[in-house]
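Below is one structure, written out as structure tokens; the observations come after it.
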Amino acid sequence: MKKAVVCGAGGFIGGHLVARLKREGFWVRGVDIKAHEFRKSEADEFKLLDLREPGNCAAAVMVDGKPADEVYQLAADMGGMGFIHTAECEIMHNSMLINVHMCRAAAQAGVGRYFFSSSACVYRDMRSDEPDITEDDAYPAMPDNEYGWEKLYAERMAKAYQRHSGMVVRIARFQNCYGPFGTWQGGREKAPAAISRKVAEAADGGVIDVWGDGTAMRVYTYVDDLIDGIYRLMHSDMECPVNIGSDERVSVDDLVAAVAAVAGKRIKIKHVEGPVGVAARNHSSARIRSLGWVCQHSLREGLAKTYPWVAEQVRRKRGKGPN
Ligand code: NAD
């Protein structure tokens, strides 16, 4: 039985990845600094470790005295635009330490395959009418935020370890991902979860605040589609970084309309000041498609699986009273 380690298994995408690897027949160890907030881990073993510490990284990648066959590195100090714009130092410090130590520990231990979760934030700001950006267009580099710079550095480090240690490295650049079991409140939530929460809290005909003027163009990828891309990429011979994201491009206002439609509510938008991020990032998905990947969920279909989960969290919180 192949042994996989998922770092960041207490988080949104890591939790879904553990479930997929179990379905594929792997023995799985989850690692995170905290337990999952919303689901019981399906991992065979779950270790609480702070991966900023090199000794913990070395312990994470060894299973029964042998290096894991596959390591998926998704642990990061992570959040939506609000978090990315305010917690720049924490992101640069914490995520960098995790990546520096995890990559080295995996290479030194002799791990077979190493997956790194990068982001579309490595790309520059774009106009929505510009031609699609390919993975090679990450250079000359001009990410619009520190989170993107940290990802770019970590990508390069992982590739350097591949060149010098022989560890196979696979890198995906995720577009925004959404789905059930993700952060939906507290400041780290991303737009689909935040808008779902606001719509769930609003009455029919109510008004919700939306950061910016609502015209920023975005790609939202349902988590099962993203996980399928990760799995295909990890087991492919694709040496270069690969974008994973839906081809459906929508404005932030379109996202609100889609959530409202799924919720069956009439919602009015009040545009307010707030961190918006780039105007657009038109990624090419040719590489991931060349691995047979197809995005199975439209935004509407993904939200139909996500909104009810967020609405349920909102109902439960209300039931608990003012706290
Ligand atoms: P998440 O915040 O839900 O998961 C990250 C996990 O890392 C958390 O459970 C957190 O506790 C853990 N972590 C943080 N610091 C740690 C430490 N010191 N030691 C051990 N664990 C630690 O985020 P996510 O949305 O599941 O994202 C997973 C990965 O995908 C991240 O690397 C993120 O940057 C990347 N990514 C996500 C998106 C998205 O839309 N969600 C987009 C692009 C890239």
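When a ligand or atom number is given, it counts from 1 through the structure's own listing order.
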### Task
Give the single entry among Ile13, Asp32, Leu17 that approaches atom 8 (C) of ligand 1 most closely by any heavy atom.
Asp32

### Task
Out of Phe12, Tyr72, Tyr147, indicate the one that has the non-hydrogen atom closest to atom 1 (P) of ligand 1.
Phe12

### Sub-4.0 Å heavy-atom approach of Ser118 to ligand 1
yes

### Message
So for Val31, does at least one of its heavy atoms come nearer than 4.0 angstrom to any atom of ligand 1?
### Response
no

### Task
Fit a plane to each ring of His16 and Phe12, take the angle between them on a 0 to 90° scale, and name the class: parallel (under 30°), tilted (30 to 60°) or perpendicular (over 60°).
perpendicular

### Query
Between His235 and Phe26, how do the two ring planes meet: parallel, tilted or perpendicular, split at 30° and 60°?
tilted

### Message
Under a plain distance cut-off of 3.5 Å, with no hydrogens placed, do Gln175 and Asn243 share a side-chain donor-acceptor pair?
### Response
no

### Any side-chain donor near an acceptor of the partner, Asn94 and Arg52, under 3.5 Å
yes

Relative to the heavy atoms of [X], which atoms of ligand 1 are at a distance of less than 4.0 Å?
| X | result |
| --- | --- |
| Lys151 | 31 (C), 32 (O), 33 (C), 34 (O) |
| Leu49 | 19 (N), 20 (C) |
| Asn176 | 40 (O) |
| Ala75 | 7 (O), 21 (N), 22 (C) |

At under 4.0 Å between heavy atoms, is it the side chain or the backbone of [X] that contacts ligand 1, or both, or neither?
| X | answer |
| --- | --- |
| Cys121 | neither |
| His36 | neither |
| Leu97 | neither |

How close does the nearest protein non-hydrogen atom get to [atom], and which residue and atom is it?
| atom | value |
| --- | --- |
| atom 22 (C) of ligand 1 | Ile33 CG2, 3.8 Å |
| atom 18 (N) of ligand 1 | Asp50 OD1, 2.9 Å |
| atom 4 (O) of ligand 1 | Gly11 CA, 3.5 Å |
| atom 40 (O) of ligand 1 | Cys177 N, 2.7 Å |
| atom 16 (C) of ligand 1 | Ile98 CD1, 3.6 Å |
| atom 14 (C) of ligand 1 | Ala76 O, 3.2 Å |
| atom 19 (N) of ligand 1 | Leu51 N, 2.9 Å |

### Message
Exactly one of Tyr147, Trp149, Phe174 should register a side chain to side chain contact (heavy atoms under 4.5 Å, CB included) with Cys121. Which one does?
### Response
Tyr147

### Message
Quick check with a 6.0 Å cut-off and a 45 degree axis cone: is Arg170 positioned over the face of Phe115's six-membered ring?
### Response
no

#### Entry: Tyr231 six-ring centre to Arg20 NZ/CZ under 6.0 Å and within 45° of normal
yes

### Task
Following the transitive rule for hydrophobic clusters with a side-chain heavy-atom cut-off under 4.5 Å over Ile, Leu, Val, Met, Phe, Trp and Tyr, establish whether Val18 and Ile227 coincide in one cluster.
yes

#### Entry: Pairs satisfying ring-ring contact (aromatic ring centres under 6.0 Å, His included), at least one member in residues 192-226, at least two apart
Tyr178-Tyr222, Tyr222-His297

Counting only nitrogen or oxygen atoms and a 3.5 angstrom limit, does [X] reach ligand 1?
| X | result |
| --- | --- |
| Lys190 | yes |
| Leu74 | yes |
| Met78 | no |
| Thr183 | no |

### Query
Within the distance-only criterion (no hydrogens, no angle test), does the side chain of His283 pair as donor or acceptor with the backbone N or O of Tyr123 below 3.5 angstrom?
no

### Task
Look at atom NZ of Lys34 and say whether more than 12 heavy atoms of other residues, nucleotides or ligands are closer to it than 6.0 Å.
yes

## Note on the structure
To the nearest 0.5 Å, atom SG of Cys7 lies from atom CG of Asn56 at 11.0 Å

Donor-acceptor pairs under 3.5 Å, side chain of residues 83-90 to any protein atom, not counting sequence neighbours: which ones?
| from | atom 1 | to | atom 2 | distance (Å) |
| --- | --- | --- | --- | --- |
| Thr86 | OG1 | Gly82 | O | 2.9 |
| Thr86 | OG1 | Phe83 | O | 3.4 |

